[in-house]
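Not measured: the values here are computed from a predicted model. This chain uses plain numbering: 1 for the first residue, then up along the sequence.
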Amino acid sequence: MASSSSALSRLSNLHGHLHPSHSNKGGVGFIKISPEVSEALSNDHAVVALESTIISHGMPYPKNLETAREVEAVVRENGAVPATIAILDGIPCVGLSMEELEKLANLGPRAQKTARRDIAHVVATGGNGATTVSATMFFASMVGIPLFVTGGIGGVHRHGEHTMDISSDLTELGRTPVAVISAGVKSILDVPRTLEYLETQGVCVAAYRTNEFPSFFSETSGCKVPCRVDTPEDCAQLIDANLKLELGTGILIAVPIPKEHAASGRLIESAIKRALEEARDKNIIGNAATPFLLARVNELTGGASLASNIALVKNNALVGAKISVALAQIKERENKGGVKTTL
């Protein structure tokens, strides 16, 4: 009975998404879901949410469009449906067409970098917003997508104990039950303090096939994790338990960059230190800091950091798709066997 009730509830919600209402009842009437994503959700098939800031702010055109298409292809090749999320002309979109992807890629930095705090403003003004981790998690959770793939999450910035510059990605993980698959936190950040903050938020942090938390361009950070998962099935069981327990928090599953794509740690660290000094000298702060730092590090490393960034995003997409399929299989077994969906 629990499974049937849950399925009817999802279908009712999806009907509301596909036939938007101008009333604000339920808070979901303004979301547009692509037909492909809608069908997958209504049938409990594997769906992977993808952010859009990496398209608009992560790399130049046309490399950003090429990468977005390739990442979506990796998700499909591994059995899941990609759901890239963005706000276009004031409408939150879950699942973008090729034309919409191209529009976003062409807009580039002209699209507003949109975190949770910016959503209402971008929608109200009919703007174009590229969603960060926090905004992507928010919309994914609203439509029932339990898993989201990105490159690396934001975190506590270096010297954050003085500036209080802490990404909203961390607080979102503390209040939104979506699993985030990433290569850890961006290495321009303070990894140990980021992990401490996630602990305070009650977020389960797991590492994939390792005991050490990766640091984006590097497989290692010197920080141990409290939870290790070795297979997509392990990850799916962890996500499933988190949802059934209704803990209300997300999960961070950190996947190390493949060895063959790992950039030289010393080269990257040297470039990061120089970029941080330049950012301070130019007083580049807030949400402008990360795009500046990543672009400058790429310049200083002769493109090595961008190549590594693209490789790790594709690897995360592969792992995330397999986890999503394993999660869908858990639901399928429960539906066939009549197993209760609550613990």
Side-chain angles (χ1 to χ4, degrees), residues 51 53-54 57-59 67 71 74 133 148-160 165-167 169-170 173 180-199 203-230 235 251-279 289-320 323:
E51 64 155 297
T53 297
I54 192 171
H57 293 71
M59 54 196 77
T67 301
V71 170
V74 169
V133 170
F148 157 49
V149 163
T150 185
I153 67 165
V156 179
H157 279 253
R158 299 189 189 197
H159 311 295
D165 192 348
I166 301 170
S167 171
D169 297 354
L170 304 187
L173 274 160
V180 178
I181 316 301
S182 81
V185 301
K186 297 178 178 72
S187 51
I188 56 175
L189 305 172
D190 187 322
V191 176
R193 284 191 171 90
T194 296
L195 292 175
E196 288 288 350
Y197 195 92
L198 285 170
E199 181 185 4
V203 177
C204 175
V205 177
Y208 191 67
R209 296 178 178 172
T210 179
N211 295 310
E212 187 167 345
F213 191 78
S215 59
F216 204 61
F217 294 123
S218 173
E219 301 164 84
T220 60
S221 66
C223 300
K224 300 295 182 184
V225 292
C227 176
R228 172 176 173 149
V229 282
D230 288 300
C235 299
I251 295 174
L252 177 60
I253 299 176
V255 181
I257 185 172
K259 283 185 173 64
E260 64 270 24
H261 296 295
S264 164
R266 187 175 299 174
L267 173 67
I268 296 288
E269 185 60 30
S270 173
I272 288 170
K273 287 179 179 176
R274 181 171 167 185
L276 283 166
E277 290 172 2
E278 292 179 9
T290 296
F292 169 81
L293 291 170
L294 290 175
R296 190 67 183 115
V297 169
N298 184 54
E299 291 172 5
L300 294 170
T301 59
S305 67
L306 178 58
S308 294
N309 192 352
I310 293 171
L312 66 82
V313 171
K314 289 181 182 177
N315 185 60
N316 293 345
L318 183 151
V319 174
I323 295 171

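- The minimum heavy-atom distance linking Leu189 with Gly155 is given by the pair CD1-N, 3.2 Å.
- For the pair Thr67/Met59, a side-chain contact is recorded, criterion being any heavy-atom separation below 4.5 Å from C-beta on.
- Under the rule for a salt bridge (charged side-chain N to carboxylate O under 4.0 Å, His left out), the partners of Glu299 that lie at least two apart in sequence or sit in another chain are Arg296.
- Side-chain N or O atoms of Asn316 include one that pairs as donor or acceptor with a backbone N or O of Thr150 at under 3.5 Å.
- Looking at every heavy atom in both residues, Thr220 comes nearest to Ser215 through O-OG, 2.8 Å.
- A salt bridge links Glu278 with Arg274; the closest basic N to acidic carboxylate O contact falls under 4.0 Å.
- Contact record, Pro192 with Asp190: CD-OD1, 3.2 Å, taken as the closest heavy-atom pair.
- Using modelled atom types, one side-chain atom of Asn298 and one backbone atom of Leu306 make a donor-acceptor pair closer than 3.5 Å.
- Under a 3.5 Å cut-off, the side chain of Ser308 and the backbone N or O of Phe217 do not form any donor-acceptor pair.
- One distance of note links SG of Cys204 with CD1 of Ile253; it measures 8.0 Å at 0.5 Å rounding.
- The two atoms that bring Ala206 and Val229 nearest to each other are CB-CG2, 4.1 Å, heavy atoms only.
- Within the model, atoms CG of Leu293 and CG of Leu300 stand 10.5 Å from one another, a figure rounded to the nearest 0.5 Å.
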side-chain contact (heavy atoms from CB on, under 4.5 Å) between Val225 and Glu212: does it pass, once the steps are laid out?
CA-CA 6 Å; Val225 292; Glu212 187 167 345; over 6 Å; no
